[in-house]
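Values below: all heavy atoms of this structure, side chains included; hydrogens, waters and symmetry mates excluded. Each chain gets a letter, A, B and so on, in the order the sequences are listed, and its residues count up from 1.
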Amino acid sequence: MPERYRAPRGAADLLPEDQPYWRWVQDTATRVAESYGYGEIQTPVFEHAGVFLRPGSEGTDLADKEIYAFQDRGGDDLALRTDGTHGVARAYIEHGMSSRTQPVRLFYLVCVFRYDRPQAGRYRVHHQFGVEAIGDGDPYIDAEVIDLQRTFYEALGLRDLRLALNSIGDVNCRPAYIEKLRAYYAYKLDRLCGDCRRRYDVNPLRMLDCKNEPCQPFKAAAPRSIDNLCEPCAEHFASVRSLLKGLGQPYTIDPALVRGIDYYTRTAFEFLPPDDEGQQSTIGGGGRYDGLIEQLGGRPTPGFGFGTGIERIILNLKRQGSAPRAVTTSTVFIAIASRDLQSKALIVARDLRSAGFDAVIGNASRSLKSQFGAADALGARYVLILGPRDLVEGLVTVRDLQAHTETRLPLTEIASFPKRLNP
RNA sequence: GUGGGCGUGGCCUAGCGGUUAAGGCGCCAGGUUGUGGCCCUGGAGAUCGAGGGUUCAAAUCCCUCCGUCCACCCCA
């Protein structure tokens, strides 16, 4: 017995019946992004591992334990993409996009890979819709992209999402802030949870969103990054807030919002469902990454973007009972009464398709009754019966499954039969 | 990486120590030798997740492993 395989852990199949949701979300994403002037970009599923594993990326879970890295047969170190931003940034540099009109506005719909234990709303292969505006550090861009994201959610009917906003400073002010944070926690370490003691060394910012009970009292009084921004960062953040206010875009400042990817600077944000009880409920998030392009060998170039998880969007759409609008089709099912008419059926089906119908051919070795059953299961509107009895007169029978009516038509006129059937 | 729940035909579920593992959905066929959705009848389809153990006897009890789901970590 050959081994029976199943999809690898955390990797799911998307069956035909799942597609309406996916199409809906992806079509909406494309439409909204293009309406803001963003152009679609596709980058490879894998990159040189160094694109993701840069100096500074160590200490993040994403780089340390979630990356799918491998050597190919030629010995190159490659890695499956963990997000969309890295590849886009690499492509921006590689294709000299800095000589295009700035900012370069890009969007993508991609699958990304993270080695992690799957659970509700989390997979090892998941899909993201993302947007990147590269080459303009103006706070206006932050507001535009956040606005785009909310517009996208609302176009899907995802309402009441909460926007959590923070600023984590830049290379000029963050080191000092981190030291301040360390100083604050230094003499409290023995009262913190084990995770936080570990974070103290590796990534002190992460201590801010610890959920363990012993650490809660200290979090509230911890120094906040927004109170420790350098002047340019503070001005930037104030502008972003002012622009969001002008847009009527509600948000809450979340001093504990620290994003897990190393390249973020200044603005960081997340969209969360209104009832966000779960910890992995973030629907989408992003921020500014003014150092990334430079880290990848480009000239210093600011960037801003978000990524949002399609699986989580669909999860939330289903939770709130939203469904894609049903598509009405007019499929014609060709039932074959006699096996020697298969060749004829192929031709008739082709003619119907070029007349704009969907046409599906029945299994000629099955009874007509069975073929009608198949037409039903398919949701076909019409069944065209191809049988010798009609054919000797050059006719076919067409049954309307919805109207329960039936007509015989000349074979030469089938392309226009609905008009003849429902004048 | 850590913890917990669950693994019975394609799907959902009953059985929880003792004759050929039961039902529903779905699938196939017949009831109309050229006609659907309802109904009736019949049929196919199960190494009871895998391996080991206890027992006269195990889907049922024990152990190990695997898978899966949920939670933690973290993130979309």
Side-chain angles (χ1 to χ4, degrees), chain A residues 1 3-10 12 15 25 59-67 81-85 110-130 149 193-196 198-199 202-203 206 209-212 257-261 270-273 277-286 306-316 333 335-338 341 362-391 395-406 408:
Chain A
M1 275 281 278
E3 181 170 359
R4 293 236 288 166
Y5 290 105
R6 51 173 75 212
R9 165 174 293 194
L15 305 180
V25 173
T60 63
D61 281 0
L62 201 65
D64 288 350
K65 59 180 200 183
E66 292 181 5
I67 201 159
R81 63 177 164 224
T82 58
D83 61 86
T85 306
V110 295
C111 55
V112 304
F113 305 84
R114 294 180 192 174
Y115 186 83
D116 207 350
R117 282 281 290 266
Q119 66 187 73
R122 193 209 293 158
Y123 308 91
R124 288 184 175 180
V125 188
H126 80 274
H127 298 74
Q128 289 190 7
F129 162 47
Q149 192 175 359
C193 71
D195 282 340
C196 280
R198 186 169 46 76
R199 291 177 184 131
V202 183
N203 194 348
R206 283 244 148 265
D209 65 350
C210 181
K211 289 108 196 164
N212 293 327
L257 173 57
V258 179
R259 304 206 30 95
I261 304 176
E270 289 182 352
F271 278 94
L272 301 140
E277 298 299 322
Q279 300 305 316
Q280 65 296 322
S281 56
T282 302
I283 294 179
F306 72 77
T308 183
I310 311 249
E311 284 84 354
R312 286 191 186 172
I313 289 169
I314 292 174
L315 186 70
N316 280 278
F333 190 95
I336 309 175
S338 167
L341 292 172
N363 183 340
S365 57
R366 298 262 177 89
S367 66
L368 224 45
K369 171 176 176 166
S370 161
Q371 292 185 65
F372 267 77
D376 264 331
L378 208 66
R381 174 72 195 272
Y382 305 101
V383 174
L384 186 155
I385 301 165
L386 209 56
R389 190 189 294 170
D390 293 327
L391 232 41
L395 299 175
V396 290
T397 296
V398 176
R399 183 169 178 83
D400 183 326
L401 293 181
Q402 280 174 29
H404 313 285
T405 55
E406 199 166 292
R408 296 211 302 164

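Nucleic acid contact for A/Gly285: sugar-phosphate only, since backbone atoms but no base atoms lie under 4.0 Å from a heavy atom of the residue.
In this structure, A/Phe129 has its ring center under 6.0 Å from that of A/Phe306.
A distance cut-off of 5.5 Å between ring centres, combined with a plane angle under 30°, places A/His126 in a stacking arrangement with the base of B/A76.
We find that A/Arg408 and A/Asp390 are joined by a salt bridge, their nearest charged nitrogen and carboxylate oxygen being less than 4.0 Å apart.
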Grab the N/O contacts between the protein and nucleotides 24-27 of chain B below 3.5 Å, and write none if there aren't any.
none

Short heteroatom pairs, N/O only, protein and nucleotides 3-11 of chain B, under 3.5 Å:
| from | atom 1 | to | atom 2 | distance (Å) |
| --- | --- | --- | --- | --- |
| B/G3 | O6 | A/Arg117 | NH2 | 3.0 |

What does the list of N/O pairs under 3.5 Å between the protein and nucleotides 35-43 of chain B look like, with a distance for each?
| from | atom 1 | to | atom 2 | distance (Å) |
| --- | --- | --- | --- | --- |
| B/U35 | O2 | A/Glu406 | OE1 | 3.3 |
| B/U35 | N3 | A/Glu406 | OE1 | 2.9 |
| B/U35 | N3 | A/Glu406 | OE2 | 2.9 |
| B/U35 | O4 | A/Glu406 | OE2 | 2.5 |
| B/G36 | O2' | A/Asp376 | OD2 | 2.3 |
| B/G36 | N7 | A/Arg399 | NE | 3.3 |
| B/G36 | N7 | A/Arg399 | NH2 | 3.4 |
| B/G36 | O6 | A/Arg399 | NE | 3.4 |
| B/G36 | O6 | A/Arg399 | NH2 | 2.9 |
| B/G36 | O6 | A/His404 | ND1 | 2.7 |
| B/G36 | N1 | A/Leu401 | O | 2.7 |
| B/G36 | N2 | A/Asp376 | OD1 | 2.9 |
| B/G36 | N2 | A/Leu401 | O | 3.2 |
| B/G36 | N3 | A/Asp376 | OD1 | 3.3 |
| B/G36 | N3 | A/Asp376 | OD2 | 3.1 |
| B/G37 | O4' | A/Asp376 | OD2 | 3.2 |
| B/G37 | O6 | A/His404 | ND1 | 2.6 |
| B/G37 | N1 | A/His404 | ND1 | 3.0 |
| B/G37 | N1 | A/His404 | NE2 | 3.4 |

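For the pair A/Gln371 (side chain) and A/Arg366 (backbone), a donor-acceptor distance under 3.5 Å is present. Of the possible donor and acceptor atoms, one in the side chain of A/Arg312 sits under 3.5 Å from a partner among the backbone N and O of A/Thr282.
A search for side-chain contact (heavy atoms from CB on, under 4.5 Å) contacts involving A/Phe372 returns A/Leu368, A/Val383, A/Ile385, A/Arg399, A/Leu401, not counting sequence neighbours. For A/Thr82, there are no side-chain hydrogen bond (donor to acceptor under 3.5 Å, both in side chains) partners two or more places apart in sequence or in a different chain.
Look at the C1' atom in both B/G67 and B/G26: the space between them is 25 Å, to the nearest Å.
The 5' end of RNA chain B is approached more closely, in terms of each residue's nearest nucleotide, by A/Tyr115 than by the other of A/Tyr115 and A/Ile310. Taking the nucleotide of RNA chain B with the nearest heavy atom to each of A/Glu311 and A/Pro388, the more 5' of the two is matched to A/Pro388.
Stretches of at least 3 consecutive Watson-Crick or G-U wobble pairs, with each checked distance under 3.5 Å, appear in RNA chain B as B:1-7 with B:66-72, B:10-13 with B:22-25, B:27-31 with B:39-43, B:49-53 with B:61-65.
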